[in-house]
Amino acid sequence: MKTIHYLKPVLFAKKFFGFVLALFGLFIFLFNFFFGLLFIVIGLNLISTEGTEINLENKTYRTIKYIFGLKFGKWKPFPEFEYISVFKTKESQTINVVSATTTITSDIIYLNLFYDRNKHITCYKTEDKADAFKVAEEFKKTLGIDILDATEQEKKWL
């Protein structure tokens with residue numbers, strides 16, 4: 001395992017609205033440079049997502065801005081990580097249609113690398129507990145840190 005990526009999801013409605021704004025900006029750009037550019041930038045910002053990319057071999061990480069398959073971000077050396085936390089939480093997504101609203105909730109597992117007591121980097125997201133612990137073990141071997149299992153009521157160190 002060489003590089004681990006984590007990207008925050010972007011809702012379809014937000015992507016669609018961003019795409020429409022960017023296209024509208026291209027059209028306006030023909031007539032008014034400033035307003036066209038403004039709409040293009042706002043649209044592209046709505047389409048883009050943020051995340052983290054971690055290179056275990058070089059022991060570097062970067063927070064990235066991701067758009068159209070391109071990643072932007074500056075590589076930084078690892079801080080002195082104290083431990084990795086594997087925890088389960090609920091992720092909700094609300095869907096609105098004309099007169100009906102529904103919320104879909106699912107269990108999700110996050111991996112956070114903690115440093116400087118309470119600062120953290122979210123480095124991985126999955127729905128599979130076994131996969132989460134496999135990645136956490138890779139961090140444990142590479143960085144020599146402990147794993148905090150917070151997927152159950154009772155937290156325990158591994």
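Start at 1 with the first residue, then count along the sequence. Note that the structure is a prediction, hence the values are computed from the model and not measured.
- Counting heavy-atom neighbours within 6.0 Å of Lys119 NZ, excluding the residue itself, gives a total of 12 or less.
- In this structure the side chain of Ile84 reaches within 4.5 angstrom of the side chain of Cys123, judged on heavy atoms.
- Linking Ile, Leu, Val, Met, Phe, Trp and Tyr whenever their side-chain heavy atoms come within less than 4.5 Å puts Leu143 and Val86 in one cluster.
- Side-chain atoms of Asn55 come within 3.5 Å of backbone atoms of Asn58 as a donor-acceptor pair (strictly under, hydrogens ignored).
- Cluster membership for Val135 and Ile147, using ILVMFWY side-chain heavy atoms within less than 4.5 angstrom, is shared.
- Expressed to the nearest 0.5 Å, how far CD of Glu138 lies from NZ of Lys134 amounts to 8.5 Å.
- In the hydrophobic cluster analysis, where Ile, Leu, Val, Met, Phe, Trp and Tyr join through side-chain heavy atoms closer than 4.5 angstrom, Leu21 is grouped together with Leu30.
- Taking the six-membered ring for Trp, Phe39 and Phe35 have ring centres at least 6.0 Å apart.
- Under a 3.5 Å cut-off, the side chain of Thr142 and the backbone N or O of Phe139 do not form any donor-acceptor pair.
- Taken from CZ in Phe78 to CD1 in Ile121, the straight-line distance is 7.5 Å, to the nearest 0.5 Å.
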| request: Start with the C-alpha gap between Lys155 and Asp149, add the side-chain angles, then the distance that decides, and say whether salt bridge (charged side-chain N to carboxylate O under 4.0 Å, His left out) holds. | output: CA-CA 6 Å; Lys155 296 177 184 174; Asp149 180 1; over 6 Å; no

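- Linking Ile, Leu, Val, Met, Phe, Trp and Tyr whenever their side-chain heavy atoms come within less than 4.5 Å leaves Phe87 and Phe133 in two separate clusters.
- Phe31 and Phe27 have their aromatic ring centers within a separation under 6.0 angstrom.
- Distance alone, capped at 3.5 Å, is enough to place a donor-acceptor pair between the Thr49 side chain and the Lys8 backbone.
- The closest side-chain heavy-atom distance from Ile67 to Phe72 is below 4.5 Å.
- The CZ atom of Phe33 sits 14.0 Å away from atom CD1 of Ile28, with the distance rounded to the nearest 0.5 Å.
- Phe19 is listed as a side-chain neighbour of Ile47, based on a closest heavy-atom distance under 4.5 Å.
- Look at Lys129 and Glu152 and you find a salt bridge, because one of the NZ, NE, NH1 or NH2 atoms lies within 4.0 Å of a carboxylate O, short of that distance.
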| task | Check the pair Glu91, Lys125 against salt bridge (charged side-chain N to carboxylate O under 4.0 Å, His left out), reporting the backbone distance first and the verdict last. | result | CA-CA 11 Å; Glu91 186 174 67; Lys125 172 184 163 183; 2.9 Å; yes

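- Here the side chains of Phe114 and Ile145 are not in contact, with every heavy-atom distance at 4.5 Å or above.
- Through direct or indirect side-chain contacts shorter than 4.5 Å among Ile, Leu, Val, Met, Phe, Trp and Tyr, Leu7 is connected to Ile64, Tyr66.
- With a 4.5 Å cut-off on side-chain heavy atoms, Leu56 and Thr3 do not count as touching.
- In this structure, Tyr61 and Lys76 have side chains that are in contact, with non-hydrogen atoms separated by less than 4.5 Å.
- Residues Leu158 and Ile109 fall within the same hydrophobic cluster, defined by Ile, Leu, Val, Met, Phe, Trp and Tyr side chains chained together at heavy-atom separations under 4.5 Å.
- Other residues, nucleotides and ligands place more than 12 heavy atoms under 6.0 Å from the OH atom of Tyr115.
- The OH atom of Tyr124 sits 13.0 Å away from atom OH of Tyr110, with the distance rounded to the nearest 0.5 Å.
- Atom-to-atom distance recorded for Ile54:CD1 and Thr63:OG1 is 11.0 Å, nearest 0.5 angstrom.
- By the 4.5 Å heavy-atom criterion applied to side chains, Ile4 and Tyr6 are not counted as neighbours.
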| field | Residues Asn112, Thr122; criterion side chain to side chain donor-acceptor pair (under 3.5 Å); working and verdict | value | CA-CA 4 Å; Asn112 286 339; Thr122 301; 2.8 Å; yes

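- Looking at every heavy atom in both residues, Gly18 comes nearest to Leu46 through CA-CB, 3.8 Å.
- Judged by distance alone, with hydrogens and angles left aside, the side-chain atoms of Arg62 form no donor-acceptor pair with the main-chain N or O of Lys74 at under 3.5 Å.
- Between Ser85 atom OG and Asp146 atom CG the span is 12.0 Å, to the nearest 0.5 Å.
- For Glu127 (side chain) and Asp107 (main-chain N/O), no donor-acceptor pair under 3.5 Å exists by modelled atom type.
- Scored by the ring-ring contact (aromatic ring centres under 6.0 Å, His included) test, Trp75 finds no partners at all (sequence neighbours excluded).
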